[in-house]
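Quick note: residue numbers are just sequence positions, from 1.
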Amino acid sequence: MFDEFQRKTIDLSQISLDPQNPRIVTLEPLSSEAEIISYFFEHEGLADFIKKIAAEGLNPGAETPFVVKDGKGFVVVEGNSRIAAYKLLTGIATPSKEHKALVPAVSDSLKKSLSTIECAVAPDRENLLPIMASAHFGLGDKSKWGYLGSRKAVHDEWVKGHTVPQLAKIFAQPKGRIRDFILEYKLFLQALQFEWPDEEREKLEDPAVKFNPPVRFLQGQNHKERVGVELDRDSLQIKFTAPDATDKLQHLIRKLVTKPVKGLGATAKYDEVFADYKAKPGSAATVKGKGASPNLKQGALFNYPVTLHNQLLKQLAKEARNLNCIAYPACGTFLLRNFLEVILKHIIDAAGANPQKKSLSLEGALNLCTSNAVSLHADDKKILGEFRKSHLDNINLGAHGTLIPNHLRLFAARDCIDQFVKRNV
């Protein structure tokens with residue numbers, strides 16, 4: 001395993017912290033070393049580690065950091081807290097104002113001893129995954145990644161393109177457990193997308209949060225069916241099978257995680273957890289579309305008859321009547337985007353507003369239709385302007401694989417544009 005590894009003494013200034021560290025559990029990736037260091041202070045006990053090094057000096061038996069080449073420098077894949085502490089003590093990294101007092105002044109001799117680090121240089125990150133898994137899944141002498149960290153590690157590698165059998169081999173875990181890890185982390189990501197009061201969100205975003213109870217609760221007899229949540233082990237997707245499923249899931253997480261009720265836990269009965277559950281006013285209407293489209297199926301986008309002579313629009317309208325976007329929000333996001341693009345293109349062509357037949361993005365089409373080049377009802381232009389302002393970025397990011405599609409956000413975008421669609425198809 002170590003045949004291709006090299007031992008090398010590297011200047012500390014050449015080593016960067018790793019934003020892909022499984023210990024960093026956030027909805028959005030941290031974008032700078034300063035953010036990573038602040039995260040370590042808040043969640044990984046970095047202050048205590050720094051004090052230990054400042055008091056005892058560099059331990060000759062300290063664990064060797066594992067790094068990989070990154071351009072002209074290196075990224076530390078294993079040993080991030082240690083490298084962060086060294087950088088702060090030597091002054092290579094500067095702590096934030098709130099953490100500045102936690103970094104003691106040390107002697108020049110200690111700074112010098114920390115300025116170069118003996119590292120194990122791996123040929124690539126792929127070679128380090130089995131070593132990290134062996135250490136942090138509890139099979140070695142290092143601290144475990146924890147519930148979310150271990151699941152994030154597996155999920156992130158799956159997102160990069162590794163298959164379940166490959167991950168089972170890399171992490172030395174059964175394939176069934178790999179599937180569970182991916183689904184459980186996706187359920188956590190879903191929870192982060194709900195609207196929470198600040199106090200509850202802070203608790204949910206704590207990497208040490210105990211998110212296991214709602215997962216175990218859903219494994220109870222008929223609990224998934226009654227909540228309306230399906231953990232699809234074939235597609236590795238979280239699917240919602242009832243109009244108020246997201247409300248129920250948030251209620252469950254609140255009861256067991258963000259505002260836990262004494263006496264309730266993973267083994268609680270369904271009626272105990274949901275005894276005080278009340279569906280939010282209009283929650284079913286939000287899923288079904290505020291009653292605008294007639295006879296709208298659960299999770300569908302629109303059900304308006306198409307009067308325009310446009311075969312593509314008629315095909316998209318058929319799909320918009322039948323696709324359950326609660327179960328398939330990614331497909332629904334693409335469908336809504338395409339549906340709107342076709343309508344706008346028809347309006348632009350009819351107005352002769354694009355004589356050079358230039359290719360238009362959705363944003364470009366919206367801009368053109370809200371300009372004086374196209375004659376539209378004032379209400380329609382107002383709707384298009386609001387959609388551009390409030391929903392365009394989310395729809396584009398969801399369609400381009402940058403944002404995890406969310407059916408609640410999708411239906412909010414659909415509801416914004418609904419009356420425009422009704423008048424223009």
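In this structure the side chain of Ile10 never reaches within 4.5 angstrom of the side chain of Ile117, judged on heavy atoms. Residues Glu98 and Glu42 meet the side-chain proximity criterion, which asks for heavy atoms closer than 4.5 Å. Within the 4.5 Å cutoff, the side chain of Leu249 has heavy atoms near those of the Phe194 side chain.
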Which donor-acceptor pairs under 3.5 Å do the side chains of residues 380-394 make with protein atoms, sequence neighbours left out?
| from | atom 1 | to | atom 2 | distance (Å) |
| --- | --- | --- | --- | --- |
| Asp380 | OD1 | Arg423 | NE | 2.9 |
| Asp380 | OD1 | Arg423 | NH2 | 2.7 |
| Asp380 | OD2 | Asn424 | ND2 | 3.2 |
| Lys381 | NZ | Ser371 | O | 2.6 |
| Lys381 | NZ | Val374 | O | 2.9 |
| Glu386 | OE2 | Ser390 | OG | 2.5 |
| Arg388 | NH1 | Asn367 | OD1 | 2.8 |
| Arg388 | NH1 | Thr370 | OG1 | 3.0 |
| Ser390 | OG | Glu386 | O | 3.4 |

Got a list of side-chain donor-acceptor pairs under 3.5 Å for residues 259-273, not counting sequence neighbours?
| from | atom 1 | to | atom 2 | distance (Å) |
| --- | --- | --- | --- | --- |
| Tyr270 | OH | Lys248 | NZ | 3.0 |
| Asp271 | OD1 | Arg226 | NH2 | 3.3 |
| Glu272 | OE1 | Lys269 | N | 2.9 |

Mind listing the side-chain donor-acceptor pairs of residues 86-94 below 3.5 Å, one per line with the distance, residues two or more places apart or on another chain?
| from | atom 1 | to | atom 2 | distance (Å) |
| --- | --- | --- | --- | --- |
| Tyr86 | OH | Arg82 | NH1 | 3.1 |
| Lys87 | NZ | Ile15 | O | 2.5 |
| Lys87 | NZ | Glu33 | OE1 | 3.1 |
| Lys87 | NZ | Glu33 | OE2 | 3.1 |
| Thr90 | OG1 | Tyr86 | O | 2.8 |
| Thr90 | OG1 | Lys87 | O | 3.2 |

In residues 336-346, what donor-acceptor pairs under 3.5 Å come from side-chain atoms, sequence neighbours left out?
| from | atom 1 | to | atom 2 | distance (Å) |
| --- | --- | --- | --- | --- |
| Arg337 | NE | Asn396 | OD1 | 2.8 |
| Arg337 | NH2 | Asn396 | OD1 | 3.3 |
| Lys345 | NZ | Asp349 | OD2 | 3.1 |

Side-chain donor-acceptor pairs of residues 153-172 under 3.5 Å, sequence neighbours excluded:
| from | atom 1 | to | atom 2 | distance (Å) |
| --- | --- | --- | --- | --- |
| Asp156 | OD2 | Lys152 | NZ | 2.7 |
| Glu157 | OE1 | His162 | ND1 | 3.4 |
| Glu157 | OE2 | Lys160 | NZ | 3.1 |
| Lys160 | NZ | Gln20 | OE1 | 2.5 |
| His162 | ND1 | Glu157 | O | 3.2 |
| His162 | NE2 | Glu126 | OE1 | 3.1 |
| His162 | NE2 | Glu126 | OE2 | 2.9 |
| Thr163 | OG1 | Gln166 | N | 3.2 |
| Thr163 | OG1 | Gln166 | OE1 | 3.4 |
| Gln166 | OE1 | Thr163 | N | 2.9 |

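Ring orientation note: the planes of Phe217 and Phe274 are tilted relative to one another, at an angle of 30° to 60°.
Between the side chains of Asn324 and Lys297, no donor-acceptor pair is found at a separation under 3.5 Å. Checked by atom type, the side-chain pair Gln193/Asn406 shows a donor-acceptor distance below 3.5 Å.
By the 6.0 Å and 45° rule, Lys69 stacks over the aromatic ring of Phe74.
Each salt bridge (charged side-chain N to carboxylate O under 4.0 Å, His left out) pair with one or both residues in residues 317-327, not counting sequence neighbours, would appear here, but there are none.
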